[in-house]
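Letters go in sequence order (proteins before strands), and every chain restarts at 1.
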Amino acid sequence: MTGGFPELPGAVPGSVVLRMAPFPSGALHIGNGRMLFVNQYYRDRYRGKLLLVFDDTAGSEQKRVETEFFNLILGDLALAGVRPDAVFYKSDRISNHYPWARRVIEKGAAYVCRCPAELLRENRAHGIACPERSQPVDETLAEWEKMLANGYAEGEAVLRLRTDLHDPDPAFRDRVLFRISDVDHPRVGHKYRVWPLLEFSWAVDDVELGVTHVIRGKDLVIEDRMQRFIWDLLGVRGPPFLHWGLLRVREAKVAKSKSYVEVKTGAYDGWADPRTWSLRSLDRRGISMDALRQFTLSFGLSLADIEVPAETLYAENRKLIDATTPRRSFVADPVRVEVEGYPFDLSEVVLPNHPDRAELGTRRVRAGPIFFLARKDVAGRAGTEVRLKDLVNVRFPLGEDGPVPEGVARPRFTSRENRKLARLQWVGASEAVAVDLLGTDGNHTQGVGEASLRRAQPGEVFQFERVGFVRVEADWKMGTSPVRVVYGHA
RNA sequence: GCUCCCGUAGUCUAGUCCGGUCAAGGAUUCGUGGCCUUCGACCACGUAACGCGGGUUCGAAUCCCGCCGGGAGCACCA
C-alpha cells in the first residue's frame, strides 16, 4: 500500500546514514509525519542509521527556539515509534562551522558585507554588487575575525558567499552564510553571536556527521544547490539529495507557527488540541500512529504537491481499529422521554461489545421505561414508528411537529420484534452517565452514555454507535463525571 | 517578473528512466444492491483518469517540441 520509493542512489545496505532535522518551534504536526516516516522507512530498508539533528540555530522572531520544544519533539518521535539512532543539537556544533567558513574565505569565495538587510535584498534582486564584494581575501579574513570578536552589532555585518550576481535564479545570488544574532539561546545562551544559516550549517554537518543521503521536503531544493556549491568549492564530497513534495491535509490548516500563537495564548488546549493537527492531537483522538504511518507512506516520495482529505487517514485508521473496538451507546444533546406501555420485563438487556466479534464479550445495559434520546433523532418523528436499537419499537404520537420539549413527547411501545425501522440510539435514564465529547473543532458537546462507560480505562478507544470513534482522555480519572472523551472520526 | 518542481478518475497512487504484456492496476470517496439490530464493518456491482496540441514510431501514459494549469523559492527563518 506504499507509494513509490526509489532506491537511494549508491546506497550500501548497512552503511546508510540518514538525518531528520526538525526546527524546535512547536509540536510535530501531521505534515511533519512525512519527515519521520519516510526517513524511518529508508533507514529500515537499508538497515542504516537515522540521526535526529535539532536544527536549533538562532531562528527568528517568527521561528524561535524554546526549551520545552526539545522534549516535546522527542516525545512526538517516541509517540510515532520513530527511534533515532543518535541525537544532535546544532547549537552544540556552532564552533565546528567556523573553520569551514575560513576555508571558504581563503578560497576567495566569500566576503563580509555590511549593507543593511534591505539594501542587500534590493541589490540582489537587481544583480547589483555591494562595494564590499571585491574585498580582498586578507581583508575578509580580518573582517571575519572582527565579526567573531564582537566587533559588530547584530545585523551590522554578514558573511556572504560569492556566487554569480547574474545567476538566473535570484535566490541564488550571493547568499548569506553567517549572521550576527544576540538571541539568548535556550541551550547555549549567549555563547555564540555569529550563527550559520541553514544551508551552510548543513554543508558542514551533513559531511561531519557522515550523512550518506539527505531526504527532505522540496521547499529546501535551493539549499541542495548551495550545499553542492560549497562542497565543490572546497573539494568535498557530499551526499545526494531526495525530496518529497508538499503534503496538505485538507481539514488541517497545517501551520506550526500559527498553532504556536494559539497554544501560547491559551486559545488552544495545549499542543494536543485537535485544532493543531499535531501528532499528539491525533493520538488523543484515537488515531493510531500505524495508521498515520501507512497513510503517509502511501504517498511515496512523489515531488507533486498534494492535498488529501483527512477521510483517507480515517479510512486507514478504521481498518486498523474497527475489529477490536468495543461499541457503546451515547446520546448527544439528550431529551428525556418516557415510553408508555414499556414492558416491565425488559429492564435490562445484554448487548455484545462488537456486532461481529463475540470474543470481545458482552455488557449489561439497563433500559426503560425512561430514556434519553438525541434531540435531533426525535425531531420530526411525530406520527412515526421507530426502533430503539437492540430493544423495542415505539411510536411517537401525532402532534405539532418541531423540537420536542423535554419530557413531553411520550412515545408508545408498539412491539418487540426486529422490524425495518429507523434505529435510534438510546440510553436508559436510570443509569446514564454524563459524557463530555471534545470535537475536532475544539468545541465540547454534552451528552449521556451507558453505565459501562463509568468503568472505561483512560485512553481506551470506543465506537459510539452511529456517532463515531472516540478515545477516553488519558488524564480522565476513572469513575469521575463526566466521562471525558475526544472525537476521532466516523 | 525570475528560478526550480509537478500535472494519471472526486482524492491519493502504480506504471514514465529502459515505448508494445496498460482497451491503464490499487486505495479512498461516491452511487446501487446484499447482510448484520449502527449512519460503522463486511460482501457484490457500478461511475470515473493518462492537462491540451503537434511530432517521432508499425506502436506513445511512457520519447521530442510547443502551450496551458498548479505549487514552491527569490529572508541577516528553518
Side-chain angles (χ1 to χ4, degrees), chain A residues 1-4 6 21-25 55-65 90 113-118 120-121 124-125 127 154-160 167-173 175-181 194-195 197-199 201-202 216-225 243 245-248 250 256-257 294-295 297-300 302-309 311-316 318-319 321-323 325 327 329 349 351-352 354-357 377 387-393 417-425 463-469 489-490:
Chain A
M1 208 158 310
T2 51
F23 182 75
S25 68
D55 216 344
D56 63 331
T57 49
S60 66
E61 269 312 298
Q62 300 79 35
K63 295 187 179 180
R64 75 195 90 191
V65 182
K90 217 136 225 185
C113 176
R114 285 165 293 194
C115 297
E118 264 105 76
L120 190 157
R121 218 179 343 241
R124 169 153 50 210
E154 183 173 271
E156 268 187 2
V158 294
L159 184 71
R160 290 178 74 182
D167 190 284
D169 184 354
F172 197 68
R173 296 171 189 166
R175 299 214 17 142
V176 173
L177 264 24
F178 285 85
R179 64 183 166 133
I180 296 171
S181 171
V194 179
W195 293 86
L197 268 73
L198 178 138
E199 47 269 57
S201 79
W202 282 114
R216 49 162 52 148
K218 77 168 190 183
D219 48 321
L220 262 20
V221 283
I222 188 163
E223 279 74 14
D224 296 6
R225 214 184 141 199
H243 301 91
L246 203 77
L247 165 64
R248 257 192 296 257
R250 190 161 316 175
K256 194 158 56 164
S257 51
Q294 282 168 34
F295 167 76
L297 292 181
S298 74
F299 307 123
S302 160
L303 247 12
D305 301 313
I306 54 176
E307 183 172 283
V308 189
E311 178 54 38
T312 308
L313 170 62
Y314 301 156
E316 203 71 54
R318 208 178 283 129
K319 263 182 277 183
I321 68 170
D322 183 75
T325 302
R327 270 50 178 171
S329 193
V349 284
L351 300 178
H354 193 291
D356 316 313
R357 296 296 190 114
D377 273 352
R387 181 162 179 81
L388 301 185
K389 189 170 175 294
D390 303 311
L391 201 62
V392 297
N393 307 319
E417 83 275 16
N418 177 25
R419 308 215 327 262
K420 284 276 175 207
L421 296 168
R423 296 192 164 83
L424 265 48
Q425 217 61 36
Q463 188 202 57
F464 282 174
E465 288 188 327
R466 297 177 62 240
V467 175
F469 292 93
H489 55 83

- Cation-pi geometry met for A:Lys90 and A:Trp195 (6.0 Å, 45°): no
- Query: Using a cut-off of 4.0 Å on non-hydrogen atoms, how would the nucleic acid contact of A:Leu197 be classed: base, sugar-phosphate, or nothing?
  - Reply: sugar-phosphate
- Task: Answer with base, sugar-phosphate or nothing: what part of the nucleic acid does A:Gly59 contact at a heavy-atom distance below 4.0 Å?
- Result: sugar-phosphate
- Message: From CZ of A:Arg175 over to P of B:C76, roughly how many Å is that when rounded to an integer?
- Response: 8 Å
- Ring geometry between A:Phe469 and A:His489 (parallel below 30°, tilted from 30 to 60°, perpendicular above 60°): tilted
- When we call it a touch if two heavy atoms are under 4.0 Å apart, what does A:Arg387 touch: a base, just sugar-phosphate, or nothing? base
- Query: How would you label the contact of A:Glu307 with the nucleic acid (heavy atoms, under 4.0 Å): base, sugar-phosphate, or nothing?
  - Reply: sugar-phosphate
- Using a 4.0 Å heavy-atom cut-off across all strands, classify A:Glu311 as base, sugar-phosphate, or nothing. sugar-phosphate
- Item | Distance between P atoms of B:U21 and B:U62 (Å, rounded) | 13 Å
- Message: Using a strict threshold of under 4.0 Å (side-chain N to carboxylate O), is an ion pair present between A:Lys389 and A:Asp377?
- Response: no
- Task: Determine the interatomic distance between C1' on B:G51 and the same-named atom on B:G33; round to the nearest Å.
- Result: 36 Å
- Task: Between A:Lys389 and A:Asp169, name the one whose nearest nucleotide on RNA chain B is closer to the 5' end.
- Result: A:Asp169
- Task: Give A:Leu198 one of three labels, base, sugar-phosphate or nothing, depending on what nucleic acid heavy atoms sit under 4.0 Å from its own.
- Result: base
- Query: Hey, is A:Arg175 close enough to A:Glu223 for a salt bridge, meaning N to O under 4.0 Å?
  - Reply: yes
- Message: Looking at A:Arg318 and A:Glu311, is there a salt bridge between them, counting it only when a charged N and a carboxylate O are closer than 4.0 Å?
- Response: yes
- Item | Selection from B:C12, B:A27, B:A78 that lies nearest to any side-chain heavy atom of A:Leu220 | B:A78
- Message: Ignoring hydrogens and geometry beyond distance, is the side chain of A:Gln425 in donor-acceptor contact with the base of B:U38 at under 3.5 Å?
- Response: no
- Message: Given B:A75, B:G1, B:A41, identify the nucleotide with an atom nearest to the side chain of A:Arg318.
- Response: B:A41
- Under the side-chain hydrogen bond (donor to acceptor under 3.5 Å, both in side chains) criterion, do A:His243 and A:Asp224 qualify, and how do the steps go? CA-CA 10 Å; A:His243 301 91; A:Asp224 296 6; 3.0 Å; yes
- Would you state whether a donor and an acceptor, one from the side chain of A:Arg419 and one from the base of B:U37, lie under 3.5 Å apart? no
- Give A:Ala117 one of three labels, base, sugar-phosphate or nothing, depending on what nucleic acid heavy atoms sit under 4.0 Å from its own. base
- Give the nucleotide from the list B:C76, B:U37, B:U3 with an atom nearest to the side chain of A:Asp390. B:U37
- Message: Can you measure A:Asp167 atom CG to B:G1 atom P for me and round it to whole angstrom units?
- Response: 19 Å
- Task: Tell me which nucleotide among B:C6, B:U3, B:A72 gets nearest to the side chain of A:Asp219.
- Result: B:A72
- If you check the A:Phe299 side chain, which of B:C76, B:U13, B:U3 turns out closest? B:U13
- Message: Between B:U16 and B:C6, how far apart are the two P atoms, rounded to whole Å?
- Response: 15 Å
- Task: Using a heavy-atom cut-off of under 4.0 Å over every strand shown, decide if A:Ser181 touches base, sugar-phosphate, or nothing.
- Result: nothing
- Check every strand shown and say whether A:Arg121 touches a base, only sugar-phosphate, or nothing at a heavy-atom separation below 4.0 Å. sugar-phosphate
- What nucleotide among B:C74, B:G40, B:C5 has an atom nearest to a side-chain atom of A:Leu303? B:C5
- Task: Indicate, with a heavy-atom threshold strictly under 4.0 Å, whether A:Asp377 touches base, sugar-phosphate, or nothing.
- Result: base
- Query: Which nucleotide in the list B:G73, B:C76, B:G40 gets nearest to the side chain of A:Asp356?
  - Reply: B:G40
- Note on the structure: Side-chain atoms of A:Glu223 come closest, of B:C12, B:A78, B:U29, to B:A78
- Query: When we call it a touch if two heavy atoms are under 4.0 Å apart, what does A:Pro355 touch: a base, just sugar-phosphate, or nothing?
  - Reply: base
- Message: Any salt bridge linking A:Asp305 with A:Arg248? Criterion: basic side-chain nitrogen under 4.0 Å from a carboxylate oxygen.
- Response: no
- Sugar-phosphate, base or nothing in reach of A:Asp55, heavy atoms under 4.0 Å: sugar-phosphate
- Task: For A:Val176, answer base if it contacts any base atom (sugar-phosphate contacts may also be present), sugar-phosphate if it contacts only those atoms, and nothing otherwise; contact means non-hydrogen atoms under 4.0 Å.
- Result: sugar-phosphate
- Query: To the side chain of A:Pro170, which of B:C5, B:U3, B:A78 is closest?
  - Reply: B:U3
- Could you state the CG-C1' distance from A:Leu120 to B:C74, rounded to the nearest angstrom? 13 Å
- Query: Touch check for A:Arg160, heavy atoms < 4.0 angstrom, all strands: base, sugar-phosphate only, or nothing?
  - Reply: nothing
- Nearest listed nucleotide, side chain of A:Asp305, among B:U37, B:G70, B:A78: B:G70
